Amino acid sequence: MRIFSGIRPTGELHIGNYLGAIRQWLELQEKNECLFCIVDLHAITTPFSPDRLQQNIIKLATAYLATGLNPEKSIIFVQSQIKEHAELAWLLGSFTPLGELRRMTQFKEKTKRHPEHVNAGLLNYPLLMAADILLYQTEAVPVGKDQQQHVELTRQIARNFNKKFGEVFKIPKVLLSEGQKIMSLQNPRKKMSKTDDPRGCIDLFEEPAEIQKKVMAAVTDPGKKIKYQPERQPGISNLLTIYSLFSGKSIKFLEKKFENKGYEAFKKSLIKVLIDALEPFRKKQKELSSREVYVREILQQGRKRAEVIAQSTITEVKKKMGLIL
Ligand code: TYM
């Protein structure tokens, strides 16, 4: 299968990005043809600092490598280095109804959160995401739950194009993982996010002392039962999910193991699991952070490989739309 996914270079990666997306990518890269993109053109739709953007792009590429994405197996590249992404987004926008873009949950949330920054980029965001996916004839898109709606719109856009202009695009499906929605440690009814309260968010390369502080301060629920009941006990259920995914133990097993043990013992054990699981990532990231030339070289190779596919699709699209090549 051809796989495509991406992350915005907006700062640190958190364990939600890892459990929702990258963990699946690592498995998928073993048996599929994968493209993993650093989607910088999406990152500039919310307030950002031009001085820091380039550094954040390199940092995210380093993080991809530190988690185990392998440039010999997967194509790792930067979105803005391939102009066909923006070009296809424009073409897709020419026949996508405005109402489809306006009804996107992320558009509504982001315009609420940044009322001083409601730009056309935020509205057109899903067109660019559809272009990312469709340019590579993608068959499956591994993402967290919050991106499912965008992939569904991508499917609709692909179908509309194929019907209107003739078959070009494959119809991609969404791949959700068990960690599809990791919640904030401070507000377990909201998803973990880079832009929220930093105490609610554990970075993938977080220092052990910080992990300890954040887990000990994580909001739990009234009562003392360690039981997976996301509606009634969202705090402990979220921590159980995190524990289970990082340890490989089932939630049922953990409920039994911590029956009558209380939150403190559970949290102490979770801290150890997290510190141990994240240690190899932290080490690799430290090692790679002094090898920027190598990281840039990988992005150049990725760019060359991705470009060939992107150019072939856009040629097909332009032909079908009657544009001069
Ligand atoms: P972004 O950068 O917000 O997030 C990257 C990936 O992490 C997932 N994720 C989560 N999963 C579980 N729990 C959470 N709390 C959590 N927070 C984030 C996201 O679902 C995503 O998979 N629009 C995308 C980037 C993008 C893209 C694409 C993805 C652009 N083009 C094409 C796939 C295909 C985004 O903003 O992700």
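Each ligand, and each atom within it, is numbered from 1 in the order the structure gives. Because the structure is predicted, anything quoted here is derived from the model rather than measured. Because only heavy atoms are used, hydrogens play no part in the values below, and waters and symmetry mates are left out as well, while side chains stay in.
- Among the atoms of Lys191, none of the N or O lies under 3.5 angstrom from an N or O of ligand 1.
- A side-chain N or O of Arg159 and one of Gln156 form a donor-acceptor pair less than 3.5 Å apart.
- Polar contact with ligand 1: present for Gln147 (N/O pair, distance under 3.5 Å).
- Against a heavy-atom cut-off of under 4.0 Å, Gly179 is close to the following atoms of ligand 1: 12 (C).
- The N/O atoms of Met192, backbone and side chain alike, include one that comes under 3.5 Å of an N/O atom in ligand 1.
- With respect to atom 19 (C) of ligand 1, the closest heavy atom belonging to the protein is Asp146 OD1, 3.3 Å.
- Contacts of Thr46 classified as side-chain contact (heavy atoms from CB on, under 4.5 Å), with partners at least two apart in sequence or in another chain: Arg8, Lys110, His114, Leu122.
- Distance from atom 15 (N) of ligand 1 to its nearest protein heavy atom, with residue and atom name: Ile182 O, 2.7 Å.
- For ligand 1, the atoms lying closer than 4.0 Å to a non-hydrogen atom of Gly20 are 11 (N), 12 (C).
- Ring centers of Phe281 and Tyr18: under 6.0 Å apart, within the cut-off.
- Looking at Glu152 and Arg155, no side-chain N of the basic residue comes within less than 4.0 Å of a carboxylate O on the acidic one, giving no salt bridge.
- The aromatic rings of Trp25 and Phe36 lie parallel to each other, with less than 30° between the two planes, well short of the 60° mark.
- Among protein heavy atoms, atom 3 (O) of ligand 1 sits closest to Arg8 NH2, 2.8 Å.
- Taking CD1 from Ile298 and CZ from Arg303, the interatomic distance works out to 16.0 Å, rounded to the nearest 0.5 Å.
- Within the 4.0 Å heavy-atom criterion, both parts of Ile7, backbone and side chain, lie near ligand 1.
- Of the heavy atoms in Ala21, only side-chain atoms (C-beta onward) come closer than 4.0 Å to ligand 1.
- If you check the side chains of Gln79 and Asp132, you find a donor sitting under 3.5 Å from an acceptor.
- Aromatic ring centres of Tyr136 and His85 lie closer together than 6.0 Å.
- Annotation: Gln106 places no N or O atom under 3.5 Å from an N or O atom of ligand 1; distance criterion only.
- Every atom of ligand 1 is numbered from 1 in the order shown, and the set under 4.0 Å from a heavy atom of Ile133 is 32 (C), 34 (C).
- Here the shortest heavy-atom distance to atom 35 (C) of ligand 1, taken over Tyr18, Tyr125, Phe4, belongs to Tyr125.
- Ligand 1 has no N or O atom lying under 3.5 Å from any N or O atom of Lys145, backbone or side chain.
- In terms of polar-atom proximity, Val143 is not counted as a contact of ligand 1, lacking any N or O under 3.5 Å from an N or O of the ligand.
- A salt bridge is defined here as a Lys NZ or Arg NE, NH1 or NH2 lying under 4.0 Å from an Asp or Glu carboxylate O, and Lys261 with Glu255 fails to meet this definition.
- The two atoms that bring Pro172 and Thr138 nearest to each other are CB-O, 3.5 Å, heavy atoms only.
- Distance from atom 11 (N) of ligand 1 to its nearest protein heavy atom, with residue and atom name: Gly16 O, 3.2 Å.
- Of all the heavy atoms in Ile171 and Ala158, the pair that sits closest is CD1-CB, 3.8 Å.
- Of the listed options Gly6, Pro142, Ala130, Gly6 places a heavy atom closest to atom 26 (C) of ligand 1.
- If you look at His14 next to ligand 1, the close heavy atoms, those under 4.0 Å, all belong to the side chain.
- Of the heavy atoms in Val141, only side-chain atoms (C-beta onward) come closer than 4.0 Å to ligand 1.
- At least one N or O atom of Asn17, backbone or side chain, sits closer than 3.5 Å to an N or O atom of ligand 1.
- Side-chain atoms of Tyr243 and Ser269 include a donor-acceptor pair closer than 3.5 Å.
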